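Notes for the one structure printed next.
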Amino acid sequence: MKPYKTIIIEDEKRAQMLLQSILENNFPEIDILDICDDLPTGVKSILKHKPDFIFLDIEMPHFSGLEILDFFEEDQVNFSIIYTTAYNHYAIDALKIAAIDYLLKPISKEDVKQAIERYDKTTKNYKTDSFATLKSIVTESKINKIAVPEGSHLHFIEPQSILYIKADNSYSELYLQDGNKLVVSRSIKNFEEGLKHSNLFFRIHKSYLINTSNIKKYDKSNGGWIILTNDAELPVSSEKTAEFLSLIYKISR
């Protein structure tokens, strides 16, 4: 198997050493070409080594990792990005949903494993389009939209336009207020984490995440059911009932 070429761009020495150790001890298929302390040095290293993907810290002195594309022409971006950060901001949640991955510090072996698996699955769609994709995501995330990949397309939607999300194994089905449905190769847990900045969403069942502003009726029979404004009837799991009713009470006060 041809090794993956990677570069670590990270200003904290301890974080550098931890990530390097995880990669060297657990992922022989990854070849670390360079470790850089800041973004300008990292950009020079990328141009020199042409890695498959990079591990890039966001919070660094002088330049944020989100500014990396300002240093490149579009045809020079032939690498994918795995962001690393100690902070879980809304913009970062948008990046995660969009399949340009991020790892929340402290990074674990399992985090890296999942990121590499996601890279394997998405590189054909995102590697060649990473410049436009990432530029769009950073811009759109500032105006409170989330980026949702569907095939080779990337949809930017307002969270409030989502009626509910249904789990389908490792995929999710997004049902929108305009009647459209998006099928996305992201787990419902991924969306739950990415939308937690909003007070609108509640996980009523292992298979359903709903926008509470679209609840039309709650039926207590047969364990509890939610009827939404589009007349969809969704079950409320028994372990979520008390928390759900408490939430509704707060909303209705």
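All residue numbers refer to positions in the sequence shown, counting from 1. Model, not experiment: these values are computed from the prediction.
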Discussion item. Can you give me the closest heavy-atom contact between Ile227 and Glu233, atom names plus distance?
Written reply: CG1-CG, 3.8 Å
Worksheet item: How close do Leu176 and Leu163 get, heavy atom to heavy atom, and via which atoms?
Response: O-CD1, 3.4 Å
Worksheet item: Which atom names give the shortest non-hydrogen contact between Ala232 and Tyr164, and what distance separates them?
Response: CB-CE2, 3.8 Å
Item to complete: Applying side-chain hydrogen bond (donor to acceptor under 3.5 Å, both in side chains), run through Tyr175 and Glu173 and close with a yes or a no.
Response: CA-CA 6 Å; Tyr175 292 82; Glu173 298 175 358; 2.7 Å; yes
Worksheet item: Listed by chain and number, what are the ring-ring contact (aromatic ring centres under 6.0 Å, His included) partners of Tyr208, not counting sequence neighbours?
Response: His205
Worksheet entry | From Phe53 atom CZ to Thr6 atom OG1, the distance as rounded to the nearest 0.5 Å | 4.5 Å
Practice prompt. Compare every heavy atom of Lys216 with every heavy atom of Thr229, then report the nearest pair and how far apart it is.
Written response: N-CB, 4.2 Å
Worksheet entry | Given Asn230, Asn211, Asn214, the one that forms side chain to side chain donor-acceptor pair (under 3.5 Å) with Gln177 | Asn214
Worksheet item: Is there any ring pair (Phe, Tyr, Trp, His ring centres under 6.0 Å) pair reaching into residues 211-241, and which pairs are they, with sequence neighbours excluded?
Response: Tyr218-Phe244
Item to complete: To the nearest 0.5 angstrom, please state how far the CD1 atom of Ile226 sits from the CG atom of Asp219.
Response: 9.0 Å
Discussion item. For Glu24 and Gln20: C-alpha separation, side-chain torsions, deciding distance, then whether side-chain hydrogen bond (donor to acceptor under 3.5 Å, both in side chains) applies.
Written reply: CA-CA 6 Å; Glu24 291 180 345; Gln20 181 181 9; 3.1 Å; yes
Worksheet item: Which residues satisfy the side-chain contact (heavy atoms from CB on, under 4.5 Å) test with Ser187, sequence neighbours excluded?
Response: Lys189, Asn190
Worksheet item: Under the side-chain contact (heavy atoms from CB on, under 4.5 Å) test, which residues partner Asn25, sequence neighbours left out?
Response: Ser21
Fill in: Under 3.5 Å: donor-acceptor pair, side chain of Asp31, backbone of Lys5
no
Worksheet item: So, the side chain of Ser172 versus the backbone of Val184: is there a donor-acceptor pair under 3.5 Å, distance only?
Response: no
Worksheet item: Quick one: salt bridge (Lys or Arg N to Asp or Glu O under 4.0 Å) pairs with a partner in residues 6-17, sequence neighbours left out?
Response: Glu10-Lys105, Lys13-Asp37
Worksheet item: Is the gap between the ring centers of Phe201 and Phe191 under 6.0 Å?
Response: no
Discussion item. Nearest 0.5 Å, please: how far is CG in Leu174 from CD1 in Ile157?
Written reply: 5.5 Å
Worksheet item: Which heavy atom of Asp38 sits nearest a heavy atom of Met60, and at what distance?
Response: CA-SD, 4.3 Å
Item to complete: Measure from NZ or CZ of Lys240 to the centre of the six-membered ring of Phe202 and say whether it is under 6.0 Å with the direction within 45° of the ring axis.
Response: yes
Discussion item. Counting C-beta onward and ignoring hydrogens, is there a side-chain heavy-atom pair between Thr84 and Ile107 closer than 4.5 Å?
Written reply: yes
Item to complete: Output, in order, the C-alpha distance, side-chain angles, deciding distance and verdict of ring-ring contact (aromatic ring centres under 6.0 Å, His included) for Phe27 and Tyr4.
Response: CA-CA 10 Å; Phe27 302 95; Tyr4 291 133; over 10 Å; no
Discussion item. Test of understanding: with side-chain contact (heavy atoms from CB on, under 4.5 Å), list the residues that count as partners of Pro106, not counting sequence neighbours.
Written reply: none
Practice prompt. Look at the side chain of Thr212 and the backbone N and O of Leu200, then say whether any donor-acceptor pair between them is shorter than 3.5 Å.
Written response: yes
Practice prompt. Might you point out which heavy atoms bring Ile22 and Asn26 nearest each other, and give the distance in Å?
Written response: O-ND2, 3.0 Å
